[in-house]
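See below for the structure under consideration.
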Amino acid sequence: MYKLLKKSGKVRRGEFHTPHGVIQTPVFMNVGTLAAIKGAVSSMDLKDIGCQVELSNTYHLHLRPGDKVVRKLGGLHKFMNWDRPILTDSGGFQVFSLAGLRKIKEEGVYFSSHIDGKRIFMGPEESMQIQSNLGSTIAMAFDECIEIPSPRDYVEKSVARTVRWLERCKTEMDRLNALPDTVNNKQMLFGINQGATYKDIRIEHAKTISKMDLDGYAIGGLAVGETHEEMYDIIDTVVPYLPEDKPIYLMGVGLPSNILEAVSRGVDFFDCVLPARNGRHGHVFTNEGKINLMNAKFELDDRPIDEGCQCPACKDYTRAYIRHLFKAKEMLAMRLCVLHNLYFYNKLMEDIRNAIDNDCFEEFKREKLESWQGRA
């Protein structure tokens, strides 16, 4: 259940009540594709850095260790020792990214495993069954992520099929949740709005799926080639046609500036691999913008990554030391930078919530955007 605590213009502050705890929104979900954050970050670390929701990947976990293995071990929460909410994506985006290895039909998608080339079929029912085996808090509906740009006639057909797939997802989830031995019989379902950059298609799709009374709604198919301005335009277009009493999730979008702009347009949930991926390469976020610790100018820099930051890296280590670790190819370098970046994102979301609570979000947004464009 989503409880809207405050609204200022389009900006929303809420609470989402789930079987695994209450999520304070707006929220950034920390991406642990294979039930782990890349960079040697544990589920205990996630609690220490303020993570509310962990996100795992249906497609990847289906391939290894296998969703049936996870089910036998008690579900994803028990498997990875995480007692807070987990969202699993449907596998749709991964299938989209395997463009050369897939064949889309009405029943679902036939594709080849990126690991061993094995032929795999996934449709709405299979995606729901896999996510039910994982026992995640929130399951995403199986959809097609449409390439941008795409011809209008293809987008129309794809979106119509995605609606039919969503109906099948809902029916199958209701069936699975009613079974006596289901890992999580209160699993929630989010639908996904698609339509590329065609505003009228996006609007009609949003109207259609809003009638289905799902637990939440996502805006998908963005951050795949369009400009930031086009993305913001689509968010502005779609949000008014999604239910106000349900959370809104912008999928796969994650620059700090993107998050601020999307919050100002009414978005509640975010996820992106960017902070962890950047951290593994020495690119870290600070209150003055992003810096690359591999640069020679940090060789003798005895300051923390971000002065005033309370993350495990900044409390105990210097830029110079972490740069040395990268040059020496020590795994600790990646771990510290991933911890820092995820802490930065989780703290940003906390600060956003506080700013909304204190009626100063627009001022907060302006100051942040100005500081990120500073000397870094």
Salt bridge (charged side-chain N to carboxylate O under 4.0 Å, His left out) between Glu156 and Arg152: does it pass, once the steps are laid out?
CA-CA 6 Å; Glu156 288 176 333; Arg152 182 182 177 89; 3.1 Å; yes
Please determine whether residues Ile192 and Phe190 belong to a single hydrophobic cluster, defined as Ile, Leu, Val, Met, Phe, Trp and Tyr linked transitively by side-chain heavy-atom distances below 4.5 Å.
yes
Atom NZ of Lys47: over 12 foreign heavy atoms under 6.0 Å
yes
Under 6.0 Å from the CD atom of Glu244, do we count more than 12 heavy atoms belonging to anything else shown?
no
Would you call Ser210 and Tyr241 a side-chain contact if the rule is heavy atoms closer than 4.5 Å?
no
For a quick check under 3.5 Å, do Gln131 and Ser127 share a side-chain donor-acceptor pair by atom type?
yes
Check whether any side-chain N or O of Asp271 sits under 3.5 Å from a backbone N or O of Met251 as a donor-acceptor pair, and report yes or no.
no
Between Ser43 (side chain) and Met80 (backbone), is there a donor-acceptor pair under 3.5 Å?
yes
Assess the residue pair Glu172 and Arg168 against the criterion (salt bridge (charged side-chain N to carboxylate O under 4.0 Å, His left out)); give the C-alpha distance rounded to whole Å, side-chain angles, the decisive distance to 0.1 Å, and a yes or no.
CA-CA 6 Å; Glu172 181 65 1; Arg168 288 165 56 188; over 6 Å; no
More than 12 heavy atoms of other residues, nucleotides or ligands under 6.0 Å from NZ of Lys6: is that the case?
yes
Report yes or no: does Asn295 contribute a side-chain atom to a donor-acceptor pair with the main-chain N or O of Lys297 at less than 3.5 Å?
no
With no hydrogens and no angle check, just 3.5 Å: does a side-chain donor-acceptor pair link Glu144 and Ser158?
yes
Are Val263 and Phe270 packed together at the side-chain level, in the sense that at least one heavy-atom pair is separated by less than 4.5 angstrom?
yes
Kindly say whether Leu87 contributes a backbone atom to a donor-acceptor pair with the side chain of Thr137 at under 3.5 angstrom?
no
Take atom CE of Met1 as the centre, draw a 6.0 Å sphere, and report whether it contains more than 12 heavy atoms from other residues, nucleotides or ligands.
yes
Listing request: all ring pair (Phe, Tyr, Trp, His ring centres under 6.0 Å) pairs with a residue in residues 37-61, at least two apart in sequence or in separate chains.
Tyr59-Phe111, Tyr59-His114, His60-His114
If you define the side chain from C-beta out and look only at heavy atoms, does anything of Leu166 sit under 4.5 Å from Asp143?
no
Apply side-chain contact (heavy atoms from CB on, under 4.5 Å) to the pair Asp116 and Leu63, showing each step before the final yes or no.
CA-CA 10 Å; Asp116 57 11; Leu63 294 185; over 6 Å; no
Any donor and acceptor pair, going by atom type alone, linking the side chain of Glu367 with main-chain N or O of Phe364 inside 3.5 Å?
no
Closest non-hydrogen contact found for Thr237 with Pro240 is O-CD, 3.5 Å
Using a 3.5 Å distance criterion without hydrogens, assess whether the side chain of Arg164 forms a donor-acceptor pair with backbone atoms of Glu106.
no
Just by modelled atom types, is the Ile49 backbone N or O under 3.5 Å from a matching donor or acceptor in the Asn346 side chain?
yes
Tell me, do Phe326 and Cys337 make a side-chain contact under 4.5 Å, heavy atoms counted?
yes
Can you tell me how far OG1 of Thr33 sits from CG of Asp89, rounded to the nearest 0.5 angstrom?
8.0 Å
ILVMFWY network linking Met29 to Ile259, side-chain heavy atoms under 4.5 angstrom
no
Just verifying a value: how many Å separate Phe298 CZ and Leu293 CG, rounded to the nearest 0.5 Å?
6.0 Å
Minimum-distance pair of heavy atoms, taken over all atoms of Ile291 and Ile305
CD1-O, 4.2 Å
Please indicate whether Arg161 has more than 12 foreign heavy atoms, meaning atoms of other residues, nucleotides or ligands, lying under 6.0 Å from its CZ.
yes
Less than 3.5 Å apart, any donor N or O on the side chain of Asp268 or Tyr2 sitting next to an acceptor on the other?
yes
For Arg64, look at atom CZ and say whether over 12 heavy atoms of other residues, nucleotides or ligands are found less than 6.0 Å away.
no
Sub-3.5 Å donor-acceptor pair from the side chain of Asp306 to the main-chain atoms of Asn287, do we have one?
yes
How far does CG of Leu46 sit from CG of Asn30, to the nearest 0.5 angstrom?
5.5 Å
Do other residues, nucleotides or ligands put more than 12 heavy atoms under 6.0 Å from the CD atom of Gln24?
yes
Please give me the minimum heavy-atom distance between Gln52 and Arg84, naming the atom from each residue.
O-CB, 3.7 Å
Checking side-chain contact (heavy atoms from CB on, under 4.5 Å) for the pair Phe142/Val109: CA distance, chi angles, key distance, verdict?
CA-CA 10 Å; Phe142 189 68; Val109 184; 3.9 Å; yes
With sequence neighbours excluded, give me every ring pair (Phe, Tyr, Trp, His ring centres under 6.0 Å) pair touching residues 23-42.
Phe28-Tyr345
Can a donor-acceptor pair be found between the side chains of Thr171 and Asp174 at a distance below 3.5 Å?
no
Parallel, tilted or perpendicular: which one describes the rings of His228 and Tyr232, with boundaries at 30° and 60°?
tilted
Is the shortest heavy-atom distance from the side chain of Ser136 to the side chain of Gln187 under 4.5 Å?
yes
Kindly compute the distance separating OG1 (Thr25) from CG (Leu5), expressed to the nearest 0.5 Å.
7.0 Å
Exercise: identify the closest heavy-atom pair between Gly191 and Met140:
O-CE, 4.5 Å
Would a 4.5 Å heavy-atom cut-off, applied to side chains only, mark Ser56 and Leu134 as touching?
no
List the steps and the verdict of salt bridge (charged side-chain N to carboxylate O under 4.0 Å, His left out) for Asp351 and Lys347.
CA-CA 6 Å; Asp351 291 344; Lys347 183 67 167 62; 2.8 Å; yes
Would you name the heavy atoms of Asp213 and Lys170 that are closest together and state the gap between them?
O-CE, 4.3 Å
Check: His62 and Asn133 side chains under 4.5 Å, non-hydrogen atoms
no
One thing to verify: whether Lys186 and Asp215 come together as a salt bridge, which I'm taking to mean a side-chain N less than 4.0 angstrom from a carboxylate O.
no
Approximate separation, where rounding is to 0.5 Å, of Leu214 CG and Ile138 CD1:
12.5 Å
Is the shortest heavy-atom distance from the side chain of Val11 to the side chain of Glu362 under 4.5 Å?
yes
Candidate pair Asp45 and Arg335, rule salt bridge (charged side-chain N to carboxylate O under 4.0 Å, His left out), full reasoning
CA-CA 10 Å; Asp45 291 324; Arg335 172 174 158 78; 2.6 Å; yes
Given side-chain contact (heavy atoms from CB on, under 4.5 Å), test Thr182 with Ser132 step by step and report yes or no.
CA-CA 7 Å; Thr182 298; Ser132 180; 3.6 Å; yes
Tell me if a side-chain donor or acceptor on Asn193 pairs with a main-chain N or O of His205 at a distance below 3.5 Å.
no
Which atom of Lys368 lies closest to which atom of Ser371, heavy atoms considered
O-OG, 2.9 Å
One pair to check against side-chain contact (heavy atoms from CB on, under 4.5 Å): Val70 and Lys68. What are the steps and the verdict?
CA-CA 5 Å; Val70 175; Lys68 292 178 181 177; over 6 Å; no
Does any N or O in the side chain of Asp67 come within less than 3.5 Å of the main-chain N or O of Thr58, such that one atom is a donor and the other an acceptor?
no
